Trainee: 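The structure that follows is given in the form of structure tokens.
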Amino acid sequence: MDEWVRQAQVWAAQAESWVRQQPPEQIYVAAAVVAFTILVLIAASCLKSSKANTIVLSGLNGSGKTTLFYQLRDGSSHQGTVTSMEENDDIFVLHSEQERKGKVKPVHVVDVPGHARLKPKLDEVLPKAAGVVFVVDAQDFLSSMQAAAEYLYDILTKATVVKKKVPVLIFCNKTDKVTAHSKEFIKKQLEKEINKLRESRNAISSADISDEVKLGVPGETFNFSQCQNKVTVEEGAGLTGNVSAVEEFIREYVKA
């Protein structure tokens, strides 16, 4: 150990001697380069840590968001049949990946309650979203179609969603039921309802809409392909564990 200390002292003395031999201007330049490099590394670290990595589960009450949350986390629908009035927020490894060999990455999933008075919670988490899963009740779709379209419209026109091109997955839940509607039917009906909303809301002065981006192409009937961010429609069933479409969505958009 004493030998290492002596060697370190020799190196320090040599470094001090070298510095004394250099012109002051060169020392200043070297110090400036070191300081700039440190600042760049700090900035890069901050950007990396602030990168959106949250998956937001949204949709109306009773659509099955909480069931989906527990299936993704635990592979079980426990507590999922009860309508949640509080958000479920957790960081976990997807249940389907827990036994995989090699490196698996945890995901941050937030289940936002669909009650109207709790919508401000959605506004809080959307800026952090790497993706949004909008859950639709495929069995009881017709009775909730208009409300679901209004909720989805609000998400698709959010400035934070549009500008960051946050992908949205419309997950048609409960398709294991015989009376459930197909994802194709749900997609077409939501597009029709959103088209009506677009026409009515575009007539409102932009001064009355503080954080809304106009949706679709002027003069054309709306469809999801017109959105600046990617919107896809898939189907499954939270209660039976058929949530592979959501898992694939998460794996695609949540980066390490």
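Bear in mind the structure is a predicted one, so any value in this text is a computation, not a measurement.
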Trainee: Who pairs with E193 by salt bridge (charged side-chain N to carboxylate O under 4.0 Å, His left out), at least two apart in sequence or on another chain?
Mentor: K196
Trainee: Cut-off 3.5 Å, no hydrogens considered: what does the side-chain donor-acceptor table look like for residues 132-142, sequence neighbours left out?
Mentor:
unit_1: D137; atom_1: OD1; unit_2: Q139; atom_2: N; d: 3.0
unit_1: D137; atom_1: OD1; unit_2: D140; atom_2: N; d: 3.1
unit_1: D137; atom_1: OD2; unit_2: K174; atom_2: NZ; d: 3.0
unit_1: Q139; atom_1: NE2; unit_2: T179; atom_2: OG1; d: 3.4
unit_1: D140; atom_1: OD1; unit_2: S143; atom_2: OG; d: 2.7
unit_1: D140; atom_1: OD2; unit_2: S143; atom_2: OG; d: 3.0

Trainee: Looking at K188 and E184, is any side-chain nitrogen of the basic one under 4.0 Å from a carboxylate oxygen of the acidic one?
Mentor: no
Trainee: Quick check for you: to the nearest 0.5 Å, what is the distance between S58 atom OG and L122 atom CG?
Mentor: 6.0 Å
Trainee: To the nearest 0.5 Å, how far apart are CE in M145 and CD1 in I186?
Mentor: 10.5 Å
Trainee: Could you state the interatomic distance from CG (L152) to OG1 (T157), rounded to the nearest 0.5 Å?
Mentor: 9.0 Å
Trainee: Any Lys/Arg nitrogen of E124 or K121 sitting under 4.0 Å from an Asp/Glu carboxylate oxygen of the other?
Mentor: no
Trainee: In the structure I gave you, are the side-chain heavy atoms of I250 and L94 within less than 4.5 Å of one another anywhere?
Mentor: yes
Trainee: OG1 of T160 to CG of L126: how many Å apart, nearest 0.5 Å?
Mentor: 5.0 Å
Trainee: Parallel, tilted or perpendicular for F185 and H181, by the 30°/60° rule?
Mentor: parallel
Trainee: Take atom NZ of K187 as the centre, draw a 6.0 Å sphere, and report whether it contains more than 12 heavy atoms from other residues, nucleotides or ligands.
Mentor: yes
Trainee: Could you walk me through whether Q226 and N223 pass the side-chain contact (heavy atoms from CB on, under 4.5 Å) test, one step at a time?
Mentor: CA-CA 6 Å; Q226 297 171 351; N223 62 73; 3.6 Å; yes
Trainee: Nearest 0.5 Å, what's the CD1-CD distance between I170 and E191?
Mentor: 8.0 Å
Trainee: Taking the side chain as every heavy atom from C-beta outward, state whether I194 and F224 have any atom pair closer than 4.5 Å.
Mentor: yes
Trainee: How about Q98: does its CD atom have over 12 heavy atoms from other parts shown lying under 6.0 Å from it?
Mentor: yes
Trainee: May I have all residue pairs that pass side-chain hydrogen bond (donor to acceptor under 3.5 Å, both in side chains) and include part of residues 227-239, sequence neighbours excluded?
Mentor: K183-E234
Trainee: Are V109 and R73 packed together at the side-chain level, in the sense that at least one heavy-atom pair is separated by less than 4.5 angstrom?
Mentor: no
